[in-house]
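Please read the structure below before turning to the comments.
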Amino acid sequence: MKYKSVTGTRDVLPEEQPYWRLIEKKIAEITALFGYQRVDPPIFEETSLFIRGVGETTDIVEKEMYTFRDKGDSSLTLRPEFTAGFIRLYLQNGLHMLSKPVKVFSVGPVFRYERPQAGRFRQHTQFNVEAFGEQDPAMDLEVMSVAWQLYAELGFQGLKFQLNSTGCPACRPHYIEKLKQYYQTHLHEICEDCKRRLERNALRLLDCKVASCQPVIATAPVISEHLCEDCATHFTHLRQHLDLLQRPYTINHKLVRGLDYYTKTVFEVWAQGIGSQNAMCGGGRYDGLIEQLGGEPTPGIGFGSGIERIILSMKEQKLQPELLPGPQIVVAHLGPNAEKMAVETVFKLRSSKIPALMTFGDRSLKSQMREANRLNAQFIIIFADHEVESGTATVKNMQDGSQVEIALPDLVSHLSK
RNA sequence: GUGGGUGUAGCUCAGUUGGACAGAGCACCAGGUUGUGGCCCUGGUGGCCGCGGGUUCAAGUCCCGUCACUCACCCCA
């Protein structure tokens, strides 16, 4: 085969379309229910937007971005995430002048040059929700609930939030310092990756998966005990809201986000039978990011959820969407005059909004019927010599096998019943 | 970037210690009913056995390389 799809990309075939249609429908319904408006930023932006937005020390920026120069020698990058582009859109189009919060969402492809594995691709489709300009913990609850409701309506069982606070510039540095000090006293016990993390991204130490690191993690200082008063109060109120709604959650001290810009709330939604690596979504608050990208100091919170992962999980959990409807009518024909009648009829049916298709070529009636059967047609209309002479159509019900002869002028009204 | 597994028909896979034209099921096409589907039966289309090199009288089978897929790590949705 000469051409094949690029590593880490995939084709969505007809069999999978019902999943996509269902998820798109639920997204449209739920975002409307919560009052979020759709925006669609372009899929590439100036590279510097992502470098500043995502944070300089993460792998995403260092080696995972699809960065290229265009013919004008501008450095552009296929978006590796949504948030930075959203903020640019928000600032550029004056959405920041609207009353707060400004609540938006989008669905579309994002790109990262990673090694593909289960539920991970170089191009994947992300559902992203953001709320700008509101710091009330009830805002956090609302954004989290959008994600929750999507998975609940798709039929996932045993949903649970994983929740943590990652602090703010006032308190996090102190915590990180404590964490580093602690790890300095356990250097001989930790893995090589963790030694690297200690220098680069100390919070990441906490979700190391190496067995020998687990005892060290277990007795490490916990961030929720080192929050400043502002962050601690915010966290407490969010938990009270979750309790109020009786939404199950686990305080997960090991839950940290890879991107530098997160502050306070970080969360994931887990579903039954799905491991921590298959969190349905990841999100959190980023109260400093908008200012960092050139706006007024503005709080923000959002999440991203990979559609391919949702579908993967739906398949694992045997959550099947309804099949998309097939054509109702197949028009079969034997002989050249009959084919002309078939052509006219199939167009007439479609203009009456009846889904119809005709068979092509000179084929036996048997094979045309097989095709109708395969397509799950409700009716097959047969044209041959007899129908041509009498100006009628033979209409056969594919479910019960009954058939009637209908005068052509009455055909549409007969089938509309 | 690191490590493990796997590459044979459109799909799922068999191919015995290297040995004769490379197989099955499903799918597709045709016939069994020259105007009637699903079930059944018969036949057919379809493979440089991922690619390149090597060993050998002989390679789908063994060796090396490479690419791809896949799982895990790193990182992250």
Side-chain angles (χ1 to χ4, degrees), chain A residues 1 4-10 13 15 54-55 57-65 79-83 107 109-129 147 191-194 196-197 200-201 204 207-211 213 255-259 262 268-269 275-284 302-313 330 332-335 338 359 361-388 394-403 405:
Chain A
M1 199 165 309
K4 52 186 167 182
S5 59
V6 170
T7 297
T9 65
R10 57 193 293 278
L13 299 178
E15 303 88 88
V54 172
T57 63
T58 89
D59 278 3
I60 293 179
V61 166
E62 286 184 0
K63 49 192 183 191
E64 294 183 359
M65 295 204 310
R79 63 184 176 207
E81 55 125 37
F82 262 106
T83 305
V107 181
V110 299
F111 305 85
R112 288 180 199 173
Y113 189 85
E114 296 183 283
R115 197 76 178 260
Q117 64 187 67
R120 177 203 271 184
F121 309 95
R122 289 184 177 174
Q123 173 182 336
H124 79 274
T125 310
Q126 202 165 310
F127 168 43
N128 224 258
V129 170
C191 68
E192 287 305 311
D193 284 330
C194 279
R196 195 168 48 80
R197 291 187 184 105
R200 286 173 38 116
N201 198 346
R204 279 273 159 201
D207 65 356
C208 179
K209 295 180 185 72
V210 175
C213 290
L255 180 63
V256 294
R257 296 259 70 96
L259 278 39
Y262 285 100
E268 294 181 350
V269 179
S276 57
Q277 291 165 44
N278 285 321
M280 307 290 297
C281 69
F303 72 85
S305 183
I307 308 291
E308 289 84 354
R309 275 194 189 177
I310 297 175
I311 291 172
L312 189 69
S313 300
V330 169
H333 51 88
L334 289 169
T359 61
D362 284 326
R363 298 165 58 196
S364 68
L365 183 60
K366 173 182 185 148
S367 119
Q368 296 181 64
M369 293 202 59
R370 275 205 187 117
E371 183 171 342
N373 190 60
R374 234 192 341 263
L375 292 165
N376 246 316
Q378 279 184 288
F379 296 96
I380 185 165
I381 295 175
I382 300 166
F383 291 116
D385 293 347
H386 169 71
E387 286 80 5
V388 172
T394 296
V395 178
K396 174 166 179 155
N397 183 321
M398 294 295 284
Q399 268 87 57
D400 62 21
S402 65
Q403 66 183 55
E405 204 173 320

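Just so you know, these numbers come straight off a predicted model, no measurement behind them. We name chains A, B, ... by the order of the sequence lines, and we start the count at 1 in each one.
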Quiz item: In terms of the nearest nucleotide of RNA chain B, which residue is placed more toward the 5' end: A/Leu334 or A/Gly282?
Solution: A/Leu334
Quiz prompt | Pairing partner of B/rG18 (Watson-Crick or G-U wobble, both distances under 3.5 Å) | solution = none
Quiz item: Given side chains that start at C-beta, do those of A/Val330 and A/Leu375 come closer than 4.5 Å, heavy atoms only?
Solution: yes
Quiz item: For B/rC74, does either OP1 or OP2 sit under 4.0 Å from a side-chain N or O belonging to A/Arg197?
Solution: yes
Quiz item: Rounded to whole angstroms, how far apart are CD1 on A/Ile311 and C1' on B/rA77?
Solution: 14 Å
Quiz item: What is the nucleic acid contact for A/Ala372, judged by heavy atoms within less than 4.0 Å: base, sugar-phosphate only, or nothing?
Solution: nothing
Quiz item: Out of B/rA77, B/rC75, B/rG1, which nucleotide sits closest to the side chain of A/Arg309?
Solution: B/rA77
Quiz item: How close or far is atom P of B/rC11 from atom CG of A/Leu13, stated in whole angstroms?
Solution: 11 Å
Self-check item: Closest listed nucleotide, where the reference is the side chain of A/Ala118 and the choices are B/rU33, B/rA72, B/rC76
Solution: B/rA72
Practice problem: May I ask whether A/His124 stacks on the base of B/rA77, given the cut-offs of 5.5 Å between ring centres and 30° between planes? | Solution: yes
Quiz prompt | Any A/Thr7 side-chain nitrogen or oxygen under 4.0 Å from OP1 or OP2 of B/rA68 | solution = yes
Exercise. Can you tell me the pairing partner of B/rG7 across any strand shown, Watson-Crick or G-U wobble, with both distances under 3.5 angstrom?
Key: B/rC67
Quiz item: Within the structure, does a side-chain N or O atom of A/Ser367 lie under 4.0 Å from either OP1 or OP2 of B/rC29?
Solution: no
Practice problem: Have a look at A/Glu387 and say if it touches a base, only the backbone sugar-phosphate, or nothing, with a 4.0 Å heavy-atom cut-off. | Solution: base
Exercise. Can you tell me, in whole Å, how much space there is between the P of B/rG52 and that of B/rG46?
Key: 22 Å
Self-check item: A/Arg112 bridged to A/Glu81 by N-O distance under 4.0 Å
Solution: no
Self-check item: Basic-acidic side-chain contact under 4.0 Å: A/Glu114, A/Arg122
Solution: no
Quiz item: B/rG44 pairs with which nucleotide, Watson-Crick or G-U wobble, both distances below 3.5 Å?
Solution: B/rC28
Self-check item: Heavy-atom pair of closest approach, residues A/Leu312 and A/Ala118
Solution: CD2-C, 4.4 Å
Practice problem: Please determine, for the side chain of A/Asn373, which listed nucleotide (B/rG35, B/rG37, B/rC75) has the closest atom? | Solution: B/rG37
Quiz prompt | Watson-Crick/G-U partner (both atom distances under 3.5 Å) of B/rC62 | solution = B/rG54
Self-check item: Spatial distance of atom NE2 (A/His386) from atom CG (A/Leu334) [nearest 0.5 Å]
Solution: 13.0 Å
Quiz prompt | A/Asp400 atom CG: more than 12 heavy-atom contacts under 6.0 Å | solution = yes
Quiz item: Among B/rA68, B/rC75, B/rU2, which is the nearest nucleotide to the side chain of A/Arg120?
Solution: B/rC75
Exercise. Grab the CD-C1' distance between A/Glu114 and B/rC71 for me, whole Å please.
Key: 15 Å
Exercise. Would you indicate what A/Arg374 reaches in the nucleic acid, counting non-hydrogen atoms under 4.0 angstrom: base, sugar-phosphate, or nothing?
Key: sugar-phosphate
Quiz item: Separation of A/Leu365 atom CG from B/rA30 atom P, in whole Å?
Solution: 12 Å
Quiz prompt | Mate of B/rU2 where both pairing distances stay under 3.5 Å, Watson-Crick or G-U | solution = B/rA72
Quiz item: Would one find a side-chain N or O of A/Gln117 under 4.0 angstrom from OP1 or OP2 of B/rC73?
Solution: yes
Exercise. Whole angstrom is fine here: how far is it from NZ in A/Lys366 over to C1' in B/rU34?
Key: 12 Å
Quiz prompt | Minimum side-chain heavy-atom gap A/Ile380-A/Met398 below 4.5 Å | solution = yes
Quiz item: With sugar-phosphate meaning primed atoms plus P, OP1 and OP2, does A/Phe121 contact a base, only sugar-phosphate, or nothing at under 4.0 Å between heavy atoms?
Solution: base
Self-check item: A/Arg10 side chain near B/rC69 phosphate (N/O to OP1/OP2, under 4.0 Å)
Solution: no
Quiz item: Can you tell which of B/rG35, B/rG32, B/rU70 lies closest to the side chain of A/Arg115?
Solution: B/rU70
Self-check item: Closest to side chain of A/Arg112, choosing from B/rU36, B/rA77, B/rC75
Solution: B/rA77
Quiz item: Considering every strand shown, what is the Watson-Crick or G-U wobble mate of B/rC39 when both distances are under 3.5 Å?
Solution: none
Quiz item: Quick one: which of B/rC74, B/rC76, B/rA30 gets closest to the side chain of A/Asp193?
Solution: B/rC74
Practice problem: Give one of base, sugar-phosphate or nothing for A/Gln403, where a contact means two heavy atoms less than 4.0 Å apart. | Solution: base
Quiz item: Taking any strand in view, what nucleotide pairs with B/rU34 in a Watson-Crick or G-U wobble way, both distances under 3.5 Å?
Solution: none
Quiz item: Phosphate oxygens OP1/OP2 of B/rG50: is one of them under 4.0 Å from a side-chain N or O of A/Lys4?
Solution: no
Quiz prompt | Euclidean distance, atom CZ of residue A/Arg363 to atom P of B/rG37 [Å, nearest integer] | solution = 14 Å
Quiz item: Taking OP1 and OP2 of B/rG31, is either one under 4.0 Å from a side-chain nitrogen or oxygen of A/Ser364?
Solution: yes
Exercise. Please measure how far the C1' atom in B/rG7 lies from the corresponding atom in B/rA14, and state the result in whole Å.
Key: 15 Å
Quiz item: Within this structure, what is the CD-to-P distance between A/Glu81 and B/rC75, rounded to whole angstrom?
Solution: 18 Å
Quiz item: Reckon A/Gly401 touches a base, only the sugar-phosphate, or nothing at all at heavy-atom distances under 4.0 Å?
Solution: base
